[in-house]
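Taking it in order: structure first as structure tokens, then the write-up.
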2 protein chains.
Amino acid sequence: MSGWIARFPSLADVEDPLLRSSLSAVRVMQLPPGATVFRGGDPCRNYLLVLEGSVRVQKVSESGREILLYRVESGQSCILTTACLLAGEDYAAEAVTETPVQAVAIPLSLFHAAMGASRPFREFVFRAYAERITGLILLVEAVAFGRMDVRLARCLLERSGDGTELNTTHQDLATELGTAREVISRLLKEFERTGLVRLQRGRVILDNTDELRRIASGAGGNTP
Amino acid sequence: MSGWIARFPSLADVEDPLLRSSLSAVRVMQLPPGATVFRGGDPCRNYLLVLEGSVRVQKVSESGREILLYRVESGQSCILTTACLLAGEDYAAEAVTETPVQAVAIPLSLFHAAMGASRPFREFVFRAYAERITGLILLVEAVAFGRMDVRLARCLLERSGDGTELNTTHQDLATELGTAREVISRLLKEFERTGLVRLQRGRVILDNTDELRRIASGAGGNTP
DNA sequence: GCCCCTGTGTGATTTTGTTACTTAACCGCG
DNA sequence: CGCGGTTAAGTAACAAAATCACACAGGGGC
């Protein structure tokens, strides 16, 4: 219970001992994968910090289609909660855990106290906001102007990390990119036809990451 | 020079008299319409507050297409500047004045001082962040899932305000919505064919705002 | 008038989204 | 093991939107 503060250097050097002790009293939450952290309209009065695991924050349209806005991962904060609270708006996005998640919920009053007392904490919070905003702007650009094959190639590479295998469904990729499953199926089939990937149920194997990277970089000339 | 603080109640009640006096020393900028406030990569070390006028913040793609991210209007702050600075990232968006603009630039050091000293100021800043973020999320949704005719109808109504006339070009509307000029031309032609608007060079006249509002609300059944 | 630039109209083609299915793989269970 | 039930993936046909390519019109400056 005391170790987690070390993960947040910005919290570790709060000067005020009173504040510091109250920080150690915050609630730690454990969530199983697939749990809904919040949904549009939920009254959420806490500033959330993810210690371990990954949370998807996504927007669901009326028609049921979804798009991933961003992920909250170890050491990151979920700004949307605070944002909606402060702006006094309903917030339409929802958050779902992708893995088992360990998080702390800091009550709003304590959050404000920390903001007043600690410049490092403020900077931590601001940096989080800033990164989300630039991330969202890049997302707007990708959705508005980007080609789907490029976005898919990029998504495959990101998700695979170092490896060349990827356990995911077409629907899952479609949800991440905000498109329809059929579109992903088509594109993956095309990738398979040109030898870039192999497809199995619930799995994609990357055979030619170099060429994928070329497509991901936006280089044209890949529609024969 | 003293009147503007009244526009920002959150600044007006800064307790610290020292801080307060330094606030009154900030630089006021006057910008003509069409001026570029910042562009991707510009080193910008100020927190900007718009006193009067309107600034477009837009993203320009490599291919030259643009999309309006949001407007900064009287009494609002341009969070992107701060955001990029704090996150240490280049920021890809650019800002251009739409009207004559009067703004104050608060140096970063002073900004941090005010954040530490004044809870109202903090809340003002946070509210700004929060509203931008929810705005950007709505934009992502509109771009990813929204139909273009709906978005165009909404845009026409917003821009016209109370009136029924609108001095703007098709290209201008396309830029705002992040699409191609031809798409807007075709949709407007369709609107004209069904008696919703009349078109003139550089001008759109709204003849049936009720029906436009119906389309803007997302009601289907408008493509015969 | 004539040129030139900006704004608009249109057709053809490609990409993406939608609808409505079929087929295939996996899972648990009798 | 075979049998349904469920979820994942393939497919075809069509609609919407973006893209490309070009024609043409209006207006201002010369």
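Just so we're on the same page: letters track the sequence lines, and every chain starts at 1.
The separation between A:Met148 atom CE and D:dA16 atom P is 19 Å, rounded to whole Å. Separating the CG atom of B:Leu152 from the P atom of D:dA18 is a distance of 11 Å, rounded to the nearest angstrom. Summarising the geometry, the separation between CG on A:Leu173 and C1' on D:dA9 is reported as 13 Å, rounded to the nearest angstrom. Here the P atom of nucleotide C:dT8 and the CZ atom of B:Arg198 are 16 Å apart, to the nearest Å. Between B:Ile67 atom CD1 and D:dA17 atom P the separation is 15 Å, expressed in whole Å. Rounded to a whole Å, the CD1 atom of B:Ile184 is 16 Å from the P atom of C:dT10. Atom P of nucleotide C:dT8 and atom CZ of B:Arg193 are separated by 20 Å, given to the nearest angstrom. In this structure, the CZ atom of B:Arg151 is 8 Å from the P atom of D:dA18, given to the nearest Å.
Between A:Glu94 and A:Arg39 there is no salt bridge, since no side-chain N of the basic residue sits under 4.0 Å from a carboxylate O of the acidic one.
Close to D:dG10, at under 4.0 Å from its OP1 or OP2, lies a side-chain N or O of A:His170. Checking the phosphate oxygens (OP1, OP2) of D:dG10, a side-chain nitrogen or oxygen of A:Lys189 falls inside 4.0 Å. Residue A:Ser185 has no polar side-chain atom (N or O) positioned under 4.0 Å from OP1 or OP2 of D:dA9.
Scanning for side-chain contact (heavy atoms from CB on, under 4.5 Å) contacts around B:Ser54 gives B:Arg71, B:Glu73, B:Glu98, B:Thr99, with sequence neighbours left out. By the side-chain hydrogen bond (donor to acceptor under 3.5 Å, both in side chains) test, B:Thr97 is found to be paired with no residue, residues two or more places apart in sequence or in another chain being considered.
Distance from the side chain of A:Leu187 is smallest to C:dT16 among C:dG7, D:dA17, C:dT16. When the nucleotides C:dG9, D:dA18, D:dA9 are ranked by their closest atom to the side chain of B:Thr179, D:dA18 comes out on top.
Taking the side chain as every heavy atom from C-beta outward, A:Met29 and A:Val104 never approach each other to under 4.5 Å.
Residues A:Gln76 and A:Arg127 have side chains that never bring a donor and an acceptor to within less than 3.5 angstrom of each other.
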Return a single string for nucleotides 18-26 of chain C, one symbol per nucleotide in 5' to 3' order, where B is base contact, S is sugar-phosphate-only contact and - is none, cutoff 4.0 angstrom on heavy atoms.
BBB---BBS

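For the pair A:Arg122 (side chain) and A:Met115 (backbone), a donor-acceptor distance under 3.5 Å is present.
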Can you list the steps and then say if A:Ser217 with A:Arg213 is a side chain to side chain donor-acceptor pair (under 3.5 Å)?
CA-CA 6 Å; A:Ser217 75; A:Arg213 252 184 286 273; over 6 Å; no

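Counting non-hydrogen atoms under 4.0 angstrom, A:Glu192 reaches nothing in the nucleic acid.
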